[in-house]
Amino acid sequence: MGSSAKIALLPGDGVGPEVMVEARRTLDAVGEWFGHSFTTVELLIGGAAIDAHGVALRTEDAAGAGTADAALLGAVGGPKWDNPASDVRPEQGLLALRKALGLYANLRPVAVLPSLADASPIKPEIVRGVDILVVRELTGGLYFGRPTRQWRERRGRAAVDTLLYREHEIARVARLAFEFARGRRRKVASVDKANVLSTSRLWRSVVGEVSRDYPDVELEHVLVDAMAMHLVRGPGRFDVVVTENMFGDILTDEASTLAGSIGLLPSASVGAPRTDGSARRFGLYEPIHGSAPDIAGQGRANPVGMILSVALMLRTSLGLEDEARAVEAAVEDAIEAGVRTADIAESSPARSTSEVGKTVAERIGTRT
Ligand code: IPM
Ligand code: MG
């Protein structure tokens, strides 16, 4: 028997709405093929919310997203709202949503499809077979530390941001990383800058302490600058990578080049399991690419990162593993058949966002 679920959709700005159309198409195809009913509610976030309501996310919309079983987000931001002097910025909506819903861990799988090993700017022999899960801490660190402000002094302007981590914030995300490693190749690389930062020295101690509960998982500590190098020189040895908010933001953009394009990668942001006894874990699912204002509205955006985010949602929040695999298989088949947007099109002519989305939707359930 099919199940039902309520999904909040937050298309946002730039290419967000375009890729969200394809997420919907994917959901419809999955619902039809597997007999599930997905109901959706659309909410405003980012610049779209600023234009409509003067804030990047209304409190009631954050709460509304939280009452759904899961939420899908496109992207936020764009030149229209880039004025640095402005108090309201699109990105505040995303940060507020993560914080309001307690989504402290951001899961960013970086896997290289065999058919795309040549699409990466890194040599194919280096990227082939790469399969990394980055677990990025998402509600702490520089993104949320106070004070954060700018001021004027006699000699010029000054500004401060605060990098703060508490033990419990490190422990819970580390624990999650070790749990995931158990379902994978049982290796965790914890990334920090312990040779310079106090927060990193605390990070390293706490991760080490948590690791004692996981003697079956191998732990290594890697400095972030070295990690930036390892990711392009020898990424194959990494399994689960766990790191703080800002390092994770930077390293996952870098890691996306291994997969061939940032447009391919999905992410899941999760918090503590629900306390209502349900097995479902709320999550916010989004591609890791941004709003890409330079190509917005042109049908050129790669919808795969968004579509694979739907797959992650089916698996992680709705417990629908077969359905998640069917979406992933449909994406692989479409890419293998050469149905690709410009960012990964090799010799074949580039297809539009909707052509790729439609091809994926048609192929759902066809692989036997
Ligand atoms: C990401 C994005 C966001 C972040 C921005 C849009 C606030 O870059 O999800 O990686 O820095 O977390
Ligand atoms: Mg980022």
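One-based numbering, in listed order, for ligands and for the atoms of each.
- From the protein, the heavy atom lying nearest to atom 8 (O) of ligand 1 is Asp249 OD1, 3.3 Å.
- Interface atoms of ligand 1 facing Tyr143, defined by a heavy-atom separation under 4.0 Å, are 4 (C), 11 (O), 12 (O).
- Contact annotation: for Arg98 versus ligand 1, heavy atoms closer than 4.0 Å belong to the side chain alone.
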Evaluate the criterion side-chain contact (heavy atoms from CB on, under 4.5 Å) for residue pair Ser309 and Ile288; output intermediate values, then yes/no. CA-CA 9 Å; Ser309 299; Ile288 85 161; over 6 Å; no

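- For the residue pair Ser317 and Asp69, no side-chain donor N or O sits within less than 3.5 Å of a side-chain acceptor on the partner.
- Side chain of Asp13 to main chain of Gly77: a donor-acceptor pair is present (N/O by atom type, distance under 3.5 Å, no hydrogens or angles).
- Salt bridge Asp131/Arg184: present, at least one basic N to carboxylate O contact under 4.0 Å.
- The shortest N or O to N or O distance between Arg136 and ligand 1 is under 3.5 Å.
- Under the 4.0 Å criterion applied to side-chain N and carboxylate O atoms, Glu355 and Lys358 are not assigned as salt-bridge partners.
- By the 4.0 Å N-to-carboxylate-O rule, Asp239 lies close enough to Arg185 to be salt-bridged with it.
- By the criterion of a separation under 2.8 Å, the protein N/O/S atoms near the Mg ion (ligand 2) amount to Asp249 OD1.
- Remark: distances from the non-hydrogen atoms of Arg108 to ligand 1 include one below 4.0 Å.
- For the residue pair Trp81 / Asp51, a side-chain donor-acceptor distance below 3.5 Å is found, with atom types taken as modelled.
- Between Arg136 and the choices Leu107, Asp249, Leu251, Ile250, the side-chain contact (heavy atoms from CB on, under 4.5 Å) rule is met once, by Asp249.
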